[in-house]
Amino acid sequence: MKLSKRIGLIASIAAVGLTLAACGNNNKNAGSAKTTKYSAALVTDGGGVDDKSFNQSGWEGLEAWGKKNGLKKGVGGYNYAQSNSDADFTPNINKLIQAKYQTIFGIGYKLESAIKNAAKANPKTNFVIIDDVIPAKNVASVTFKDNEGAFLAGVAAAKTTKTKKVGFIGGVHSAVIDRFEAGFRQGVAAVDKNISVDVKYANDFSKPDVGQALANAMFNNDEDVIYQAAGGTGAGVFSAAKNQIKKKKVWVIGVDQDQTAEGQYKGGNLTLTSTVKGVGTAMEKLADDAKDGKFPGGKTTVYGLKEKGVSLTKGNLSAAAWKSVQDYQKKIIDGSLKVAEKPSQLNKK
């Protein structure tokens, strides 16, 4: 008799447990945020996750998020799809959708169209576009005030140059790179209007050989500081500088990440400073928000100096140059100095 009662009690407990489990599974928000693991992946914008720049910043942020949450690289955890050209964007996004990643990041403005179309066709998937804005309920947009960080780079270059000639090498003409160019040129002029700024574009973010050729021409023209905002193409600028440093002093300003390591050579370092862009930090926060059921779909988050979304490293700047950078930074943060977003705005002044 006692045995039968125990069996009946165990059966009752099991039935209750199954009922609760079923109820829990019907609560989708609670399931995704509390009881199951969350998955996220990114699509690069035409470069690798080891480009020492934009893509790498994004991947490092997602990787840190995954490890923090006890996830593994791969389906059901965190991952990336590398794009070797623009034609890879849509296939890569579709591959991640089919693998059921819950949040998909598009790293760079070049993915705007592909993310927009994918978001429309897959309303239950969360998407994030970095460096552009897509007005959709299942898309969170993130932009940066790159012009503010670039302005400080311009101040640093102007305070360092000995020849009064500096250069800017951009990847591809766009609203984003316009901000880098405009800010840099304005920063240089704020210190000394007599310093010339040579502007060149590689028309590609993943061609180091083109970056090297452009930089060599600039160095041969006595330009002794070059700021590169060119993704993987920027690696060629460092290569050119390492060849030039054998016969004269030159500097490179890094972008998106602290690129001090890229300027290392036998006997010293030629990375003057770097403008740092908090892509990884933004991605980590958005992935956390999505996991917790707080995905900011339909909203745009803007990061500038005030929000600590962009910054400039001290690097190899002199004490005087660093003080000048800090003085201008305060003016930008308190609103007494406005930084242009387009080169055309500078031409009107």
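Values below: all heavy atoms of this structure, side chains included; hydrogens, waters and symmetry mates excluded. Residue indices begin at 1 and follow the sequence shown.
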For Asn147 and Ala340, indicate whether the former's side chain and the latter's backbone hold a donor-acceptor pair under 3.5 Å.
yes

Please confirm whether the ring centroid of Tyr78 lies under 6.0 Å from the ring centroid of Trp59.
yes

Exceeds 12 heavy-atom contacts within 6.0 angstrom, atom NZ of Lys68
yes

Non-hydrogen side-chain atoms of Asp132 and Thr143 separated by less than 4.5 Å
no

Under the 3.5 angstrom rule, does the side chain of Ser324 hit a backbone N or O of Ala320 as a donor-acceptor pair?
no

Any chance you could lay out the side-chain contact (heavy atoms from CB on, under 4.5 Å) test for Tyr109 and Ile129, step after step, and finish with the verdict?
CA-CA 7 Å; Tyr109 71 90; Ile129 182 69; over 6 Å; no

Are Leu152 and Val302 in one and the same hydrophobic cluster, where Ile, Leu, Val, Met, Phe, Trp and Tyr link if side-chain heavy atoms are under 4.5 Å apart?
no

Considering non-hydrogen atoms only, spot the tightest contact between Glu262 and Phe238 and give its length.
O-CD2, 3.5 Å

Beyond-backbone contact of Leu62 with Glu284, side-chain heavy atoms, under 4.5 angstrom:
no

Would a distance-only check, ignoring hydrogens and angles, find a side-chain to backbone donor-acceptor pair under 3.5 Å from Thr163 to Lys165?
yes

Value rounded to 0.5 Å, distance of CG in Leu272 from OG1 in Thr161:
10.5 Å

Judged by modelled atom types alone, do Tyr101 and Thr125 share a side-chain donor-acceptor pair under 3.5 Å?
no

Can a side-chain donor-acceptor contact be found between Gln56 and Glu60 if the only test is distance below 3.5 angstrom?
yes

Distance in Å, Gln212 CD paired with Phe219 CZ, rounded so as to fall on 0.5 Å steps
10.5 Å

For the pair Asp224 (side chain) and Lys162 (backbone), establish whether a donor and an acceptor sit closer than 3.5 Å, ignoring hydrogens and angles.
yes

Classify the side-chain pair Gln228/Gln259 by whether it contains a donor and acceptor separated by less than 3.5 Å.
yes

Ser141: which of Thr300, Asp131, Ile130 passes side-chain contact (heavy atoms from CB on, under 4.5 Å)
Thr300

Spell out, yes or no, whether Leu270 and Val225 are grouped together once hydrophobic residues are joined by side-chain heavy atoms under 4.5 Å, including indirect joins.
no

Less than 3.5 Å apart, any donor N or O on the side chain of Asp334 or Ser336 sitting next to an acceptor on the other?
yes

I'd like to check Pro343 versus Asp178 (side-chain heavy atoms, cut-off strictly below 4.5 Å). Are they in contact?
yes

Tell me if a side-chain donor or acceptor on Asn316 pairs with a main-chain N or O of Thr271 at a distance below 3.5 Å.
yes

Going by distance alone, is a donor N or O of one side chain under 3.5 Å from an acceptor N or O of the other, for Asn220 and Gln244?
yes

Flag if over 12 foreign heavy atoms under 6.0 Å of NZ, Lys242
yes

Applying the 4.5 Å side-chain criterion to the ILVMFWY set and letting contacts propagate, would Val279 and Phe205 be lumped into a single cluster?
yes

With a 6.0 Å cut-off (strictly less than), is the heavy-atom count around NZ of Lys342, excluding the residue itself, greater than 12?
no

For Asp288 and Asn69, run side-chain contact (heavy atoms from CB on, under 4.5 Å): C-alpha distance rounded to whole Å, both residues' side-chain angles, the deciding distance at 0.1 Å, then the answer.
CA-CA 9 Å; Asp288 269 335; Asn69 285 281; 3.7 Å; yes

Name the one of Asn55, Asn92, Asp45 that satisfies side-chain hydrogen bond (donor to acceptor under 3.5 Å, both in side chains) with Ser83?
Asn92

Aromatic ring pairing His173/Tyr201, orientation class (parallel under 30°, perpendicular over 60°, tilted between)
parallel

Spacing of Asn221 atom CG and Asn216 atom CG [to the nearest 0.5 Å]:
12.5 Å

Judged by modelled atom types alone, do Asp204 and Thr233 share a side-chain donor-acceptor pair under 3.5 Å?
no

Side-chain donor-acceptor pair under 3.5 Å between Asp146 and Tyr303, yes or no?
no

Output the distance between atom CG (Asp289) and atom NZ (Lys299), rounded to the nearest 0.5 Å.
9.5 Å

In short, Phe105 meets Ala40 closest at the heavy-atom pair CE1-CB, 4.2 Å

How about Ile93 and Phe127: do any of their side-chain heavy atoms sit closer than 4.5 Å?
yes

Rounded to the nearest 0.5 Å, the CD1 atom of Ile97 sits from the NZ atom of Lys124 at a distance of 14.0 Å

So Asp198 and Phe168, side-chain contact (heavy atoms from CB on, under 4.5 Å) or not? Walk me through it.
CA-CA 6 Å; Asp198 184 9; Phe168 172 84; over 6 Å; no

Quick check with a 6.0 Å cut-off and a 45 degree axis cone: is Lys249 positioned over the face of Trp251's six-membered ring?
yes

Say whether Trp322 and Leu337 are linked into one hydrophobic cluster, either directly or through other cluster members, by side-chain heavy-atom distances under 4.5 angstrom.
yes

Answer whether the closest heavy-atom distance between the side chains of Ile169 and Met218 falls below 4.5 Å.
yes

Measuring from atom CD of Gln98 to atom CG of Asn122, what distance do you get when rounded to the nearest 0.5 angstrom?
9.5 Å

For Asp192 and Asn194, indicate whether the former's side chain and the latter's backbone hold a donor-acceptor pair under 3.5 Å.
yes

Mind running side-chain contact (heavy atoms from CB on, under 4.5 Å) on Thr103 and Leu286 for me, showing each step along the way?
CA-CA 9 Å; Thr103 296; Leu286 282 166; over 6 Å; no

Ignoring hydrogens and angles, tell me if any N or O in the side chain of Glu307 forms a donor-acceptor pair with the backbone of Gly304 under 3.5 Å.
yes

Same cluster for Phe184 and Leu317 if Ile/Leu/Val/Met/Phe/Trp/Tyr side chains link at under 4.5 Å?
yes

Phe144 vs Val142 side-chain heavy atoms within contact, under 4.5 Å:
yes

Is a salt bridge present between Lys323 and Asp327, judged by a nitrogen-to-oxygen distance below 4.0 Å?
yes

Check this for me: Lys314, atom NZ, are more than 12 non-hydrogen atoms of other residues, nucleotides or ligands nearer than 6.0 Å?
yes

Are Tyr328 and Phe151 an aromatic pair by the rule of ring centers under 6.0 Å?
yes

Might you point out which heavy atoms bring Ala290 and Tyr38 nearest each other, and give the distance in Å?
CB-OH, 3.5 Å

If you take all heavy atoms of Val139 and Ala119, which pair is closest and at what distance?
CG2-CB, 3.4 Å

Note, Arg179 side chain near Val339 side chain (heavy atom, < 4.5 Å):
no

For the residue pair Val128 and Met283, establish whether any side-chain heavy-atom pair is separated by less than 4.5 Å.
no

Hydrogens and angles aside, do Thr313 and Asp258 bring a side-chain donor and acceptor to less than 3.5 Å of each other?
no

Taking everything shown except Lys110 itself, do over 12 heavy atoms lie less than 6.0 Å from its NZ?
yes

Please answer whether the main-chain N or O of Leu305 pairs with a side-chain N or O of Glu148 as donor and acceptor at a distance below 3.5 Å.
yes

Distance-minimising heavy-atom pair for Thr275 and Ala153:
CG2-CB, 3.7 Å

Closest non-hydrogen atom pair, Ala158 against Val188
CB-O, 3.9 Å

Lys/Arg-Asp/Glu bridge criterion (N-O < 4.0 Å) met for Asp256, Lys52
no

Between Gln264 and Asn269, is there a side-chain donor-acceptor contact under 3.5 Å, judged purely by atom types and distance?
yes

